[in-house]
Amino acid sequence: MSGAASPIRSTEPVRNTIVAIDGPAGAGKSTLARHLARHFGLLNLETGAMYRAFALKALRAAIPLDDGRALERLSAETTIRLEPGEEENRVLLDGEDVTGFLRNPAVTDAASRVSIFPGVRAWMVGLQQKLGARGGIVMEGRDIGTVVFPQAPVKIFLDAAPEVRSQRRFEQLGQSGRAHAIEPQTGAPGDRSSPLEREEILRELHARDERDRNRADSPLRPAPDAVLLDSTGMTLEEAVRAAIAIVAAKLASLQPF
Ligand code: DC
């Protein structure tokens with residue numbers, strides 16, 4: 001660092017920065033990422049939506065979700081684009097806007113299953129690194145601070161007790177009424193979902209936690225240099241305020257004087 005202090009603080013580190021947010025399902029990552037992106041003028045990129053889009057394609061193509069080689073082959077003929085939007089990312093799967101299909105419980109479950117395969121992950125990580133290469137992003141997922149952008153200057157690992165996470169999910173689904181079908185017109189048989197019951201959501205969350213944390217490739221783990229934020233006893237506003245403070249402090253420490 002040079003000894004001659006400039007009175008003007010550069011905004012470069014803020015504009016080019018990468019904020020990595022990782023954590024388990026239902027911890028509130030998407031909401032937090034959206035608020036952080038807005039607050040700091042960054043793009044918000046949801047990597048879970050990319051795994052969901054790929055899972056949707058596998059479901060539609062009736063590819064067995066435990067056939068890693070078939071899934072890898074499928075990935076080679078798939079394009080996924082993520083377009084940052086005001087509320088959520090718009091997801092284009094082979095050019096089709098599939099955003100409205102990604103919250104279906106079958107897609108949610110399938111996303112966690114297809115994401116255990118190293119070939120699928122390597123492809124996704126490559127896409128995500130390309131998407132974020134220019135910086136200026138908040139990227140959220142499971143492995144952003146550990147694998148996708150291990151050099152990210154700001155990392156938050158957002159957690160909450162399973163009961164709290166499933167309660168939030170329950171309220172979320174209640175608000176959106178019903179989960180969506182996976183096909184534009186017809187829906188897949190059995191997927192015209194009724195609102196999920198509380199216990200079912202808790203079960204689903206546990207199953208996903210198990211898979212996401214225990215898979216051999218890139219299991220969900222906090223990066224050694226991540227700041228842990230446990231939102232169990234917090235309201236959304238409190239969690240957002242805490243996260244803003246974490247990011248602001250980190251960015252201030254990066255600013256050249
Ligand atoms: O964040 P989400 O709930 O939309 O993610 C759906 C699934 O995708 C999640 O259960 C595991 C997988 N995923 C992943 O393996 N790595 C990421 N970076 C993001 C999601």
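Counting convention: from 1, in listed order, for ligands and their atoms alike.
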Trace of the side-chain contact (heavy atoms from CB on, under 4.5 Å) decision for Leu205 with Arg165: CA-CA 8 Å; Leu205 204 93; Arg165 291 189 280 122; 3.5 Å; yes
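For ligand 1, the atoms closer than 4.0 angstrom to any heavy atom of Ser112 are 10 (O). Of all atoms in ligand 1, listed by their number and element, those nearer than 4.0 Å to a heavy atom of Arg215 are 14 (C), 15 (O).
Under 4.0 Å from ligand 1, not a single heavy atom of Ala25 appears. With a 4.0 Å heavy-atom cut-off, ligand 1 is reached by the backbone of Arg142 and by its side chain too.
Between Lys155 and Asp225 there is a salt bridge, since a side-chain N of the basic residue sits under 4.0 Å from a carboxylate O of the acidic one. A salt bridge does not link Arg73 to Asp67: none of the charged side-chain nitrogens sits closer than 4.0 Å to a carboxylate oxygen.
The salt bridge (charged side-chain N to carboxylate O under 4.0 Å, His left out) analysis of residues 46-59, with sequence neighbours excluded, yields the pairs Lys57-Asp94.
The shell of residues lying under 4.0 angstrom from ligand 1, judged by heavy atoms, excludes Met124. Under a 4.0 angstrom heavy-atom cut-off, Arg121 registers as being in contact with ligand 1.
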Show me the donor-acceptor pairs within less than 3.5 Å that the side chains of residues 129-142 make with the rest of the protein, sequence neighbours left out.
residue, atom, partner, partner atom, Å
Gln129, NE2, Val148, O, 3.0
Glu140, OE2, Ser30, OG, 2.9
Arg142, NE, Asp212, OD2, 3.2

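Protein heavy atom at the shortest distance from atom 4 (O) of ligand 1 is Arg52 NE, 2.7 Å.
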